[in-house]
Amino acid sequence: MAKDLYEILGVSKDASESEIKKAFRRRARELHPDVHKAADAEDQFKELNEAYDVLSDPNKRAQYDRFGTIPGAAGGGYGGGSGYVDFDDLFGGGFGGMGDIFSSFFGGQGGQGGRPARKEGRDMGVGLRITLEEVARGVEKEIVYDRLAPCPDCKGTGLGENGKVVTCPECGGKGRVVSVQRTFLGDMQTATTCKKCNGTGSSIENPCPECEGQGRVPDRQRVTVKVPAGIRDGQQLRVGGFGEAGIQGAQAGDLIVTCRVQPHEFFERDGDDLHGRANVSFIQAILGAEIEIDGIMPDEKVQVRIPAGCQNEQVVRVEGFGMPRLKSDIRGSMYVHVNVVIPEKITKKQRELLEKLADEMGEEVAAPRSPLQKLRDAFN
């Protein structure tokens, strides 16, 4: 039997959203592979993530409470993510969910070498999958992702009750310590990050117990992104302040959303133009016709005028029914590639009419096969 998700998080079934988040952060610190050295540490952390993925989402939680599982999940599992978000490597090392977020959190505020620690949050990136129809009309999408967010207990300051920021006595506020080593070549100076303040130049007396003085905690973020009509595949949207939160209230990074437009079953996009195919009969191709096809906009119908004598693969242009130009009401053109359909079987009456037409045009045609010939062909 699958384990109870509430039991995995260590909360009751009537736990509030805030209680679930706190419980997850507490358990994640205990079970993260960087800290927990058990042989199955990665499996336990993955199990914890799956439980949190369900119980932190109101819809998934309601379904789990009712059915004991999430309908539609592969293998009866609980799944994860929004289904249309891909994480790109814009995080400086392969951003990949809560595992990497907690690794950053455990890394704390430490700098490298003699450099002070970076207090500002880093940019984060996600790839958002959208359909061509959504691009045509513009759309709002909710993105669910994990990040280091401002600590809700201390409002991002890192201060606990009666806490205060003091200058580090070890480095005097410089964030690094210079040591001198005497060698036979002379005195050599080495600058290293101050271990007491982790390179920040200051420390906190009575830090916030929830974030351990960082002013930020691993959390699941929801943000709605407005995708403008006409956006191209690969274009990016910037959501200010929704990347990694800074340390102790420092400036947060941005969320970079890369739009990934999915292939369409009928249309192909070329800039602001659309290319599609339409079937016409050989009679319509000869005489000309006006046909109706579906457009890219909701309930849109496009009238396509097929010229007389239209050839197979001929392209007919219809202005104003392509994709909208970004930040404009102007639309490109639709190019309809004509596919002339020749019937494989016709009635006796239709053949007689076509033979008369062939005779009128001076065309030679094959004589119809007799029933005996058809039978012979069947056995051969």
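Quick caveat, the model's predicted, so the values are computed rather than measured. Computation of the quantities below employed the complete heavy-atom set of this structure, encompassing side-chain atoms and omitting hydrogens, waters and symmetry-equivalent molecules.
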R129 with D233: basic N within carboxylate O range, under 4.0 Å: no

Rounded distance (nearest 0.5 Å) linking atom CE of M334 with atom NE2 of H275: 10.5 Å

R305 CZ: over 12 foreign heavy atoms closer than 6.0 Å: no

Salt bridge present between R26 and E210 (N-O < 4.0 angstrom): no

Audit row: K21, V217, side-chain contact (heavy atoms from CB on, under 4.5 Å) steps and yes/no: CA-CA 10 Å; K21 287 185 177 182; V217 291; over 6 Å; no

Heavy-atom neighbours of E355 CD exceed 12 at 6.0 Å: yes

Flag side-chain contact, heavy atom, 4.5 Å: D153 against C211: no

E170, CD: over 12 other non-hydrogen atoms inside 6.0 angstrom: no

Close side-chain approach of Y52 to L5, heavy-atom, < 4.5 Å: no

Note, F24 side chain near D53 side chain (heavy atom, < 4.5 Å): no

same_hphob_cluster(L353, I346) at 4.5 Å side-chain heavy-atom cutoff: no

Y6 versus D65, side-chain donor and acceptor atoms under 3.5 Å: yes

Reference residue R277; test salt bridge (charged side-chain N to carboxylate O under 4.0 Å, His left out); the match among E268, E265, E313: E313

Closest contact, heavy atoms only, V177 versus C171: CG2-CB, 4.2 Å

side-chain hydrogen bond (donor to acceptor under 3.5 Å, both in side chains): pairs with one or both residues in residues 286-298, sequence neighbours excluded: E292-Q303, D294-K301

Salt bridge flag under 4.0 Å for residues D57 and R220: no

More than 12 heavy atoms from other groups under 6.0 Å of CD on Q350: yes

Under 3.5 Å: donor-acceptor pair, side chain of D123, backbone of D254: yes

Separation of I283 CD1 from L357 CG (nearest 0.5 Å): 7.5 Å

Atom pair CG (N49) and CG (D146), whose distance is rounded to the nearest 0.5 Å: 7.0 Å

Joint cluster assignment, Y335 & I296, ILVMFWY side-chain distance < 4.5 Å: no

Modelled atom types, side-chain donor and acceptor of T258 and Q236, under 3.5 Å: yes

Validation row: R137, V227 side chains within 4.5 angstrom (heavy atoms): no

Hydrophobic cluster identity match, I293 and V341, side-chain contacts under 4.5 Å: no

Nonpolar side-chain network containing I204, other nodes, edges under 4.5 Å: L159, V165

Check ion pair E42-K46 (N to O, under 4.0 angstrom): no

Hphob cluster co-occupancy, F321 + F266, side-chain heavy atoms under 4.5 angstrom: yes

Heavy-atom check, side chain of M297 versus side chain of R331, under 4.5 Å: yes

Considering all heavy atoms, the nearest N206-E161 contact: CB-O, 3.7 Å

Nearest heavy-atom neighbours spanning A149 and D219: CB-CB, 4.0 Å

Worked verdict on E30 versus R27 for side-chain contact (heavy atoms from CB on, under 4.5 Å): CA-CA 5 Å; E30 297 171 358; R27 293 285 291 153; 3.0 Å; yes

Heavy-atom side-chain contact between K141 and V257 under 4.5 Å: no

Salt bridge flag under 4.0 Å for residues K22 and E19: no

Atom pair OG1 (T131) and CD (Q262), whose distance is rounded to the nearest 0.5 Å: 8.5 Å

Backbone of R122 reached by a side-chain donor or acceptor of E244 within 3.5 Å: yes

Test item: Q248 side-chain N/O and G246 main-chain N/O as donor-acceptor pair under 3.5 Å: no

Closest contact, heavy atoms only, L326 versus G230: CD1-C, 3.9 Å

Side-chain heavy-atom pair Y145, V223 within 4.5 angstrom cut-off: yes

SB check D273 R317 (cutoff 4.0 Å): no

Distance (rounded to the nearest 0.5 Å) between R216 CZ and C154 SG: 12.0 Å

Nearest atoms (heavy-atom pairs only) where C310 meets V340: O-CG2, 4.3 Å

M124 vs Q221 side-chain heavy atoms within contact, under 4.5 Å: no

K356/E352 salt bridge by N-O under 4.0 Å criterion: no

side-chain contact (heavy atoms from CB on, under 4.5 Å) assessment of T193 paired with R176: CA-CA 4 Å; T193 301; R176 58 180 183 168; 5.8 Å; no

Pairwise distance CG(L287) to CD1(I306) - rounded to 0.5 angstrom: 12.5 Å

Evaluation steps, side-chain contact (heavy atoms from CB on, under 4.5 Å), between R147 and L255: CA-CA 10 Å; R147 70 162 181 153; L255 179 68; over 6 Å; no

I330: hydrophobic cluster co-members (side-chain, 4.5 Å): none

Exceeds 12 heavy-atom contacts within 6.0 angstrom, atom CD of E7: no

Taking every non-hydrogen atom, the tightest pair across P152 and R25: CG-NH2, 4.1 Å

Joint hydrophobic cluster, I247 plus V166, side-chain heavy atoms closer than 4.5 Å: no

